[in-house]
Student: 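Just passing along the structure, written as structure tokens.
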Amino acid sequence: MAESEQSTDGLTALERHKKEILEAEDKIIHDDKLDEPAKIDAFCRLRHWFCADTRIVDAYMAGAVDLIATVAKVAEPIEHTYTTADQGRTRYKEEMLAREQRKYHSPEKALDMGPEQDIPEPDPDTEDLPTTEGQLMELWYGILHASKRIPWTDDARQNKLLDLVKAFKARPDPPRPNPLTIPLRRH
């Protein structure tokens with residue numbers, strides 16, 4: 001049935017979907033068994049908000065893990081992925097793009113793109129691993145989601161989350177990927 005076609009209830013599929021979402025939202029709002037953070041989590045799932053795994057951040061916010069351990073546990077995998085150029089995938093992809101582009105330029109301009117290098121194709125098993133950018137987005141979504149769950153009147157918890165963000169920012173940059181090819185540097 002097409003989206004604009006009416007069903008027996010007189011609603012289109014899109015109108016029926018919107019009605020179902022509104023009813024589900026109303027149930028969440030009026031569910032007295034859920035506290036505010038649980039309601040926010042339910043809305044997150046219902047509305048498909050950007051949200052990430054917040055278990056480590058939640059453990060930190062609950063006091064089960066200290067600030068230094070939290071930052072290390074979250075940042076070290078991201079730094080490893082960055083330093084390895086996404087397990088070699090980004091280095092390989094950028095070299096393949098540069099090879100294609102060199103064909104369309106003068107030899108002088110092609111040299112500006114760096115010499116052609118034999119970069120080994122990355123292990124196919126790394127295709128499913130998260131990229132540096134993906135991990136950073138996941139971290140940011142997790143911080144944003146955690147911030148939504150903190151009541152605006154709870155200065156102590158808001159400051160605790162802010163301390164976490166400041167600790168990430170204070171962390172030194174990881175080493176650049178090695179070898180850092182010209183195409184990879186331009187990425």
Side-chain angles (χ1 to χ4, degrees), residues 24-25 28-29 31 33-97 117 119-187:
E25 288 174 349
I28 293 169
I29 290 168
D31 188 346
K33 293 180 223 150
L34 298 176
D35 61 0
E36 187 175 345
K39 287 181 180 186
I40 289 170
D41 289 343
F43 273 109
C44 180
R45 287 186 298 277
L46 180 68
R47 293 180 178 172
H48 306 288
W49 284 344
F50 294 112
C51 122
D53 181 5
T54 60
R55 286 179 290 190
I56 296 171
V57 174
D58 291 343
Y60 163 71
M61 294 301 290
V65 183
D66 71 344
L67 178 65
I68 295 168
T70 302
V71 171
K73 187 163 179 95
V74 172
E76 286 173 2
I78 298 170
E79 291 169 352
H80 172 75
T81 305
Y82 171 77
T83 302
T84 61
D86 297 333
Q87 288 77 29
R89 294 188 320 258
T90 303
R91 182 180 297 114
Y92 179 77
K93 181 185 87 173
E94 292 304 316
E95 176 59 31
M96 294 303 107
L97 288 170
Q117 296 183 359
I119 306 287
E121 193 165 348
D123 184 353
D125 294 339
T126 64
E127 281 300 315
D128 294 332
L129 296 176
T131 63
T132 304
E133 184 177 1
Q135 288 176 315
L136 289 169
M137 294 300 288
E138 181 94 1
L139 168 61
W140 186 240
Y141 291 147
I143 297 290
L144 288 175
H145 186 67
S147 72
K148 290 177 193 173
R149 299 176 75 218
I150 299 172
W152 64 273
T153 56
D154 192 343
D155 288 341
R157 291 188 65 217
Q158 287 181 5
N159 286 328
K160 188 171 185 173
L161 186 62
L162 182 60
D163 290 342
L164 180 63
V165 173
K166 286 178 181 178
F168 281 122
K169 185 152 178 66
R171 195 169 172 93
D173 289 341
R176 296 186 91 178
N178 189 12
L180 183 61
T181 62
I182 293 173
L184 182 59
R185 189 175 336 129
R186 291 183 174 175
H187 174 68

Student: State, to 0.1 Å, how close Pro177 and Ala85 come at their nearest heavy-atom pair, and which atoms those are.
Tutor: CB-CB, 4.0 Å

Student: Does either side chain, that of Asp86 or that of Thr132, offer a donor lying less than 3.5 Å from an acceptor on the other one?
Tutor: yes

Student: Of all the heavy-atom pairs spanning Arg157 and Pro151, show the shortest one and how long it is.
Tutor: NH1-CD, 4.2 Å

Student: For Ile56, does its backbone N or O pair with a side-chain atom of Lys73 as donor and acceptor, under 3.5 Å?
Tutor: no

Student: Determine whether a donor-acceptor pair (N or O, by modelled atom type, separation under 3.5 Å) exists between the side chain of Asn159 and the backbone of Asp155.
Tutor: yes

Student: Without swapping roles, check the side chain of Gln87 against the backbone of Thr131 for a donor-acceptor pair under 3.5 Å.
Tutor: no

Student: With a 4.5 Å heavy-atom cut-off, do Val71 and Glu76 have their side chains touching?
Tutor: no

Student: With rounding to the nearest 0.5 Å, note down the distance linking OH in Tyr92 to CG in Leu184.
Tutor: 14.5 Å

Student: How long is the gap from CD on Glu121 to CD on Glu95, to the nearest 0.5 Å?
Tutor: 13.0 Å

Student: Tell me, do Leu46 and Ile28 make a side-chain contact under 4.5 Å, heavy atoms counted?
Tutor: yes

Student: Could you pull out all residues at least two apart from Ala64 that satisfy side chain to side chain contact (heavy atoms under 4.5 Å, CB included)?
Tutor: Ala59

Student: How far does CZ of Phe168 sit from CG of Leu136, to the nearest 0.5 angstrom?
Tutor: 10.0 Å

Student: Is there a donor-acceptor pair under 3.5 Å between the side chain of Asp66 and the backbone N or O of Ala69?
Tutor: yes

Student: Mind checking whether Leu161 and Met61 have side chains closer than 4.5 Å, heavy atoms only?
Tutor: yes

Student: Check whether more than 12 heavy atoms from other residues, nucleotides or ligands sit under 6.0 Å from atom CD of Gln117, and answer yes or no.
Tutor: yes

Student: Do the side chains of Leu164 and Leu67 get nearer than 4.5 Å, heavy atoms only?
Tutor: yes

Student: With a 4.5 Å heavy-atom cut-off, do Arg149 and Asp58 have their side chains touching?
Tutor: yes

Student: How many angstroms lie between atom OG1 of Thr54 and atom CD of Glu138, to the nearest 0.5 angstrom?
Tutor: 9.5 Å

Student: Under a 3.5 Å distance rule, please check whether Arg89 uses its side chain to pair with a backbone N or O of Pro122 as donor and acceptor.
Tutor: no

Student: Is the shortest heavy-atom distance from the side chain of Trp140 to the side chain of Leu144 under 4.5 Å?
Tutor: yes

Student: Is it the case that the side chain of Thr126 and the backbone of Asp123 share a donor-acceptor pair, with hydrogens and angles ignored and the cut-off at 3.5 Å?
Tutor: yes

Student: Less than 4.5 Å apart, any side-chain heavy atom of Thr81 and any of Gln135?
Tutor: yes

Student: Do the non-hydrogen side-chain atoms of Val74 and Tyr60 ever get within less than 4.5 Å of each other?
Tutor: no

Student: Keeping Arg186 on the side-chain end and Thr181 on the backbone end, is there a donor-acceptor pair under 3.5 Å?
Tutor: no

Student: To the nearest 0.5 Å, how far apart are CG in Asp173 and CZ in Arg171?
Tutor: 11.0 Å

Student: For Ile40 and His145, work out which heavy atoms get closest and say how close.
Tutor: CG2-CE1, 4.1 Å

Student: Say you draw a straight line from NZ of Lys148 to CD1 of Ile143; how long is it, rounded to the nearest 0.5 Å?
Tutor: 13.0 Å

